[in-house]
Amino acid sequence: MKEVDARGLSCPEPLMLTAEALKSSKGPIKVLVSEPHQKTNVEKFAKDHGKKTTVKEVGSEFEIVIE
Amino acid sequence: MNFSDSKKKLALAGVICGIVAAILALQGNPGNMAFCIACFIRDTAGAMKLHNAAVVQYARPETIGIVIGAFAIAVATKEYRSTAGSSPMIRFVLGMIIMIGSLVFLGCPLRMVIRMSAGDLNAWVALIGFVGGVATGAFFLKKGFSLGRAHETNAMSGAVAPVLMLGIFVLSVATTLFAVSESGPGSMHAPIILSLIGGLIVGAVAQKSRMCFAGSIRDIILIRSFDLISVIGGLFVVMLIFNIATGHFSLSFAGQPIAHSQHLWNILGMYAVGFAAVLAGGCPLRQLVLAGQGSSDAGVTVLGLFAGAAVAHNFGLAASAAAAATDTTEAVAGGPATAGKVAVIICIIVCFIIAAFNKRQAAK
């Protein structure tokens, strides 16, 4: 699974990296972010593009799998 | 309540902030200012005697309330995270640039929208510059611009900004240490308690809605998302209705409160603001909110705003407002003096340097 590590990056970098990864890979991707609002942003972005998301909290950070 | 999951709720967030702005304007805040972040940090910097422009000195409870409101709601909803380490000194410089550009135009992006809603055509002209600046920043983001990662740090670090703000508020009401303007914009203000409550509400709503003036235009350009612009739309509509209803709406270049018609410098001032705000990850309002929810990096940007305000007024970079002739004084065209013009050019050059030399690949 392709992994996008967007932890600690400022907006809108997590979204841009997610968008790039979704474009270049066919299978599911895993996105790592730190801030709750970035988790919401990435989830919403994926849903707007017709994808399913599952979110897992890892410590104080988030792991979002988009498929 | 989650404000950010639908455009309607986001617009509602904007409406709430618009109502707060309208009430504060009615209760005595200066014309078309409501709770302009740049103006109010400038006033607060003046109160703390970081600069000595006598007409703009007042510790604004609104700004203080925004940081504390964002902090409180972030803690309450478990979104508080103490982070630091994403090129803080570059962010300090960006904060200075945002403030200097704002003071050449005479308003942050928030006030630009409020001025637009009052029919101030100078602000509509400045919008061209702001959108251009945001687009330039977005271009560099696409090319891989990044200030690097922030990391989690000691929990206390993120709480320093709200505590310092609280300290400023306590000193302003309990002591006579701070300067207070006797005339000019700094002397016009709503009752302290109302200002504070207004700030707390805006801080909380802005934290939940991720309200950002630079981000709203950036998201349209970069990801065709109209979410954040919904917030601004809500605010604009409320202020437009308020201005028409109270007779404050007049579609013109001349005769607008605390404004000037040097179009080139309005455009370039807001170009610098839009560019720097996108590089810093948010407009002045968003920086206050991020500082409240634990980002020391945003806290440093806010310090940059304070330093920028001091520099702008100590060295005469800030523009003066246009004024019509009276019996005793001649008409003033307003606008920035030569030093202010040079400063804006330098600010824009510095933005390009920062944008060109900070790449994500280099960030660890």
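All chains are named by letter (A, B, ...) in the order of the sequence lines, taking the proteins before the strands, and each is independently numbered beginning at 1. Heavy-atom basis, side chains included; hydrogens, waters and symmetry copies ignored.
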Calculate, to the nearest 0.5 Å, the distance between atoms CZ and CG belonging to Arg210(B) and Asn41(A) respectively.
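Here the rounded value is 4.0 Å.
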
Would you give the length of the straight line joining atom CG of Leu15(A) to atom CG of Leu222(B), rounded to the nearest 0.5 angstrom?
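Interatomic distance, Leu15(A) CG to Leu222(B) CG, rounded to 0.5 Å: 9.5 Å.
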
Using the rule given for side-chain hydrogen bond (donor to acceptor under 3.5 Å, both in side chains), can you reason through Ser10(A) versus Arg91(B), listing the C-alpha separation, both sets of side-chain angles and the distance that settles it, and then say yes or no?
CA-CA 12 Å; Ser10(A) 302; Arg91(B) 290 177 189 272; 2.8 Å; yes

Find the one option among Arg286(B), Arg218(B), Glu79(B) whose heavy-atom pairs under 4.5 Å with chain A are most numerous.
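It is Arg218(B).
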
Under 4.5 Å, counting heavy-atom pairs only, tell me which of Val278(B), Thr83(B), Asp227(B) racks up the most with chain A.
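Going by pairs under 4.5 Å, I would pick Asp227(B).
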
Under 6.0 Å from the NZ atom of Lys142(B), do we count more than 12 heavy atoms belonging to anything else shown?
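Open.
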
Using a 6.0 Å cut-off, check whether atom CE of Met156(B) has over 12 heavy atoms from anything other than its own residue.
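Counting other residues, nucleotides and ligands, CE of Met156(B) stays at 12 neighbours or fewer.
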
Please answer whether the main-chain N or O of Arg149(B) pairs with a side-chain N or O of Arg7(A) as donor and acceptor at a distance below 3.5 Å.
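Absent.
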
Give the minimum heavy-atom separation between Pro12(A) and Leu141(B), together with the two atoms involved.
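Of all heavy-atom pairs spanning Pro12(A) and Leu141(B), the closest is CD-CD1, 3.6 Å.
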
If I compare all heavy atoms of Glu13(A) with all of Leu147(B), which pair ends up nearest, and what's the gap?
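In terms of heavy atoms, the two residues are closest at OE2-N, 4.2 Å.
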
Chain B-proximal positions within residues 27-36 of chain A [heavy-atom distance under 4.5 Å]:
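So the qualifying residues are Ser34(A), Glu35(A), Pro36(A).
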
Taking 4.5 Å as the heavy-atom cut-off, does anything in residues 44-64 of chain A contact chain B, and if so which residues?
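When heavy atoms of chain B are the reference, residues 44-64 of chain A contributes Lys44(A), Phe45(A), Ser60(A), Glu61(A) within the under-4.5 Å range.
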
Less than 4.5 Å apart, side chain to side chain, heavy atoms only: is that true for Gln207(B) and His37(A)?
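No, every pair of side-chain atoms sits at 4.5 Å or beyond.
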
